[in-house]
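The basis for the numbers below is simple: all heavy atoms, side chains too, and nothing from hydrogens, waters or symmetry mates. In what follows, every chain begins at residue 1, and chains take the letters A, B, ... in the order their sequences are listed. This one's a predicted model, so the numbers in the text were calculated from it and none came from an experiment.
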2 protein chains.
Amino acid sequence: MTAVSKPKRRTKAQQREEMLGQILDAAEYLFSLTGYHGVTIKDVAKQAETHTSLVHYYFTDKKALLDAVFARRAKISADLRVAALDAYERECGGKPSVEGALHAYLDTDLDTFGGGDDGWRNYATLGSQMAVTRWGGEYFDTHFYPVVLRLIDLLKRALPDCDEKRIFWGYNFVMGGLIMTLARTGRLDILSGGAATSEDFASAKKYMARFMAGGMLAICGDGETAG
Amino acid sequence: MTAVSKPKRRTKAQQREEMLGQILDAAEYLFSLTGYHGVTIKDVAKQAETHTSLVHYYFTDKKALLDAVFARRAKISADLRVAALDAYERECGGKPSVEGALHAYLDTDLDTFGGGDDGWRNYATLGSQMAVTRWGGEYFDTHFYPVVLRLIDLLKRALPDCDEKRIFWGYNFVMGGLIMTLARTGRLDILSGGAATSEDFASAKKYMARFMAGGMLAICGDGETAG
DNA sequence: ATTATCTATAGATCTATAGATAATGC
DNA sequence: ATTATCTATAGATCTATAGATAATGC
């Protein structure tokens, strides 16, 4: 053995970061499968190949672990959407369209969450489950409130004659479609006999913004646009 | 006291039915708040004002309790949708439209789930949470598979030139909008500052089918309808 | 010296059942 | 007699912490 073998010595900072990452990945994965309440700290520790006490060493309690899992990717994902909306804002020259705004927002999310990284997919699936609960709301308000308002502002400007109420209900339907997709339940595969598959975010991206723009225009774009 | 007071004697069948109802209502309500895994049998017993042992007496275990909660309203809700699709089938004279089929399906659900009955609302909210999980899929396959295929069949006939894949992705978005609405998270109220509210299923019904029909036509109705 | 990791365990649940009691049924 | 309800508890699990050990840091 003349060659010096790769040193196995890791700095404490490295060790810490690696183990933190392992625990967060494990929690993210398990939470995405059975939800926050369906997972124990013991499950997480086992999945991360360590001990429950170490999970408690790095995270105060189970709630703090969820907070950390959520926060790890929240800012990155929000910033990407803000950047996409900024770019679209410049590009549209003060005249945003419904489909343009939705493409900027939704396509960015589908790229971020569906880009081949299992961690991001698990995160999205966990988020989609939290998004349909009351208790999960605080997480979205805390991390995503501003970027959501940016999207809604663009939609309002694209549909200046439309009642606010319709815009918000439309937004509700848009989010539903996104969340259903990010949930990756596999039901689409079963129902369609393979013609469509839950994991195929490229197809979702191809259809989603156009679908949602068609929907928004259907309830906002015709003669009766109030009430 | 000349009048005979209302007899407090209840038959065993009555007692049984009342307590079963109380337990199912309690479980339905609590499951809708924090999900199946976020609720203990003790919580359910407390909410139903009885003891855990009685919950076990009527239901083998926690899983069987969820099965019973789900099954109690599943058939009623599925049958109502089937009836609505049957009626539409007759009415359309062999020429279904996308919006007609969606009105039959979605409006029926919004009437069923939003008709002022707390139990039905809680059931819908629980269902919406289960619908975005993998483990919840079996419940939908077991109870709703046929009626979903009926809807998809109508959509296919309304869009004979459209690629199957687009139909199924469209269906995915439709279900997302419905599920997001049934979830009643209250986020709509906060985001809109009161302009729209999660509990207002009458408004949801007013916009949903039209929105979704606009979306389906946007991805299926134009020149490029394959791939 | 400091920090990461592991061992051991207290104390608090939680599920499920056995067995007693109290009501209704014939 | 039969069934609904309650009491008591076993046994399993879960969260969280105290304290020991093993690694890295200067």
Side-chain angles (χ1 to χ4, degrees), chain A residues 4-70 72 126 135, chain B residues 4-70 72 126 135:
Chain A
V4 176
S5 67
K6 200 170 120 195
K8 271 167 190 168
R9 205 173 210 265
R10 295 177 304 168
T11 66
K12 292 205 167 176
Q14 277 175 329
Q15 267 193 76
R16 180 189 181 83
E17 210 177 343
E18 279 175 32
M19 186 48 83
L20 274 170
Q22 261 177 263
I23 294 171
L24 288 172
D25 288 347
E28 189 172 63
Y29 169 66
L30 294 175
F31 288 164
S32 81
L33 289 184
T34 41
Y36 171 66
H37 293 107
V39 177
T40 67
I41 292 179
K42 205 176 177 182
D43 294 334
V44 173
K46 194 180 175 188
Q47 177 77 18
E49 294 178 314
T50 183
H51 301 258
T52 59
S53 49
L54 201 62
V55 177
H56 278 103
Y57 173 70
Y58 283 117
F59 305 95
T60 315
D61 55 19
K62 199 181 160 190
K63 176 71 159 47
L65 176 59
L66 176 63
D67 291 352
V69 166
F70 200 94
R72 176 167 63 152
L126 166 61
W135 66 266
Chain B
V4 176
S5 67
K6 198 170 123 196
K8 271 166 191 170
R9 204 171 209 266
R10 295 178 303 169
T11 66
K12 292 207 166 175
Q14 276 175 331
Q15 266 192 77
R16 181 188 181 83
E17 210 176 343
E18 278 175 31
M19 185 50 81
L20 272 169
Q22 260 177 264
I23 293 171
L24 288 171
D25 288 348
E28 189 173 63
Y29 169 66
L30 294 175
F31 288 164
S32 82
L33 289 184
T34 41
Y36 171 66
H37 292 105
V39 177
T40 67
I41 291 178
K42 205 177 178 180
D43 295 333
V44 173
K46 194 181 175 186
Q47 177 76 20
E49 295 179 313
T50 183
H51 302 259
T52 60
S53 49
L54 201 62
V55 177
H56 278 104
Y57 173 70
Y58 283 117
F59 305 95
T60 316
D61 56 18
K62 199 181 161 190
K63 176 69 161 46
L65 176 58
L66 176 63
D67 292 352
V69 167
F70 200 94
R72 177 169 60 153
L126 166 61
W135 66 265

Expected output: side-chain A/K62 to main-chain A/Y36 donor-acceptor under 3.5 Å:
yes
Distance (rounded to the nearest 0.5 Å) between A/L66 CG and A/D61 CG
10.5 Å
Kindly write out the residues that satisfy ring-ring contact (aromatic ring centres under 6.0 Å, His included) with B/H37, not counting sequence neighbours, or none if the list is empty.
B/W135
For residues 30-47 of chain A, which residues have at least one heavy atom under 4.0 Å from DNA chain D?
A/T40, A/I41, A/K42
Any residue in residues 50-63 of chain B with a heavy atom nearer than 4.0 angstrom to DNA chain D? Just list them by number, or reply none.
B/T50, B/H51, B/S53, B/L54, B/Y57, B/Y58
Identify all stems in which DNA chain C takes part, counting only runs of at least 3 consecutive pairs (Watson-Crick or G-U wobble, each distance under 3.5 Å), and give each as one range with another, ordered by first number.
C:1-24 with D:1-24
Atom CD of residue position B/E18 - does it have more than 12 heavy atoms of other residues, nucleotides or ligands inside 6.0 Å?
yes
Spacing of A/L65 atom CG relative to D/dC14 atom P, expressed in whole Å:
15 Å
Find the distance between OG1 (B/T50) and OH (B/Y58) and round it off to the nearest 0.5 Å.
8.5 Å
Does any residue of residues 15-25 of chain B have a heavy atom under 4.0 Å from DNA chain D, and if so, which ones, in number order?
B/Q15, B/R16, B/M19
Nearest-0.5 Å distance that lies between atom CZ in A/F59 and atom CG in A/D67
10.5 Å
Expressed in angstrom and rounded to an integer, what is the separation of A/K12 atom NZ from D/dT24 atom P?
8 Å
Could you give the CD-to-P distance, from B/Q14 to D/dT5, as a whole number of Å?
12 Å
Can I get a per-line list of side-chain donor-acceptor pairs under 3.5 Å for residues 19-29 of chain B, giving both atom names and the distance, sequence neighbours left out?
| residue | atom | partner | partner atom | Å |
| --- | --- | --- | --- | --- |
| B/Q22 | NE2 | B/A48 | O | 2.9 |
| B/D25 | OD1 | B/R72 | NH1 | 3.1 |
| B/D25 | OD1 | B/R72 | NH2 | 2.9 |
| B/E28 | OE1 | B/R72 | NH2 | 3.2 |
| B/E28 | OE1 | B/R73 | NH2 | 2.9 |
| B/E28 | OE2 | B/R73 | NE | 2.8 |

For the atom pair CD (A/Q47) and CG (A/L33), what is the distance rounded to the nearest 0.5 Å?
8.5 Å
Side-chain heavy atoms of B/T34 within contact of B/D43, under 4.5 Å
no
Sub-4.5 Å side-chain heavy-atom contact between A/L30 and A/T40:
no
I'd like to check B/Q14 versus B/T11 (side-chain heavy atoms, cut-off strictly below 4.5 Å). Are they in contact?
yes
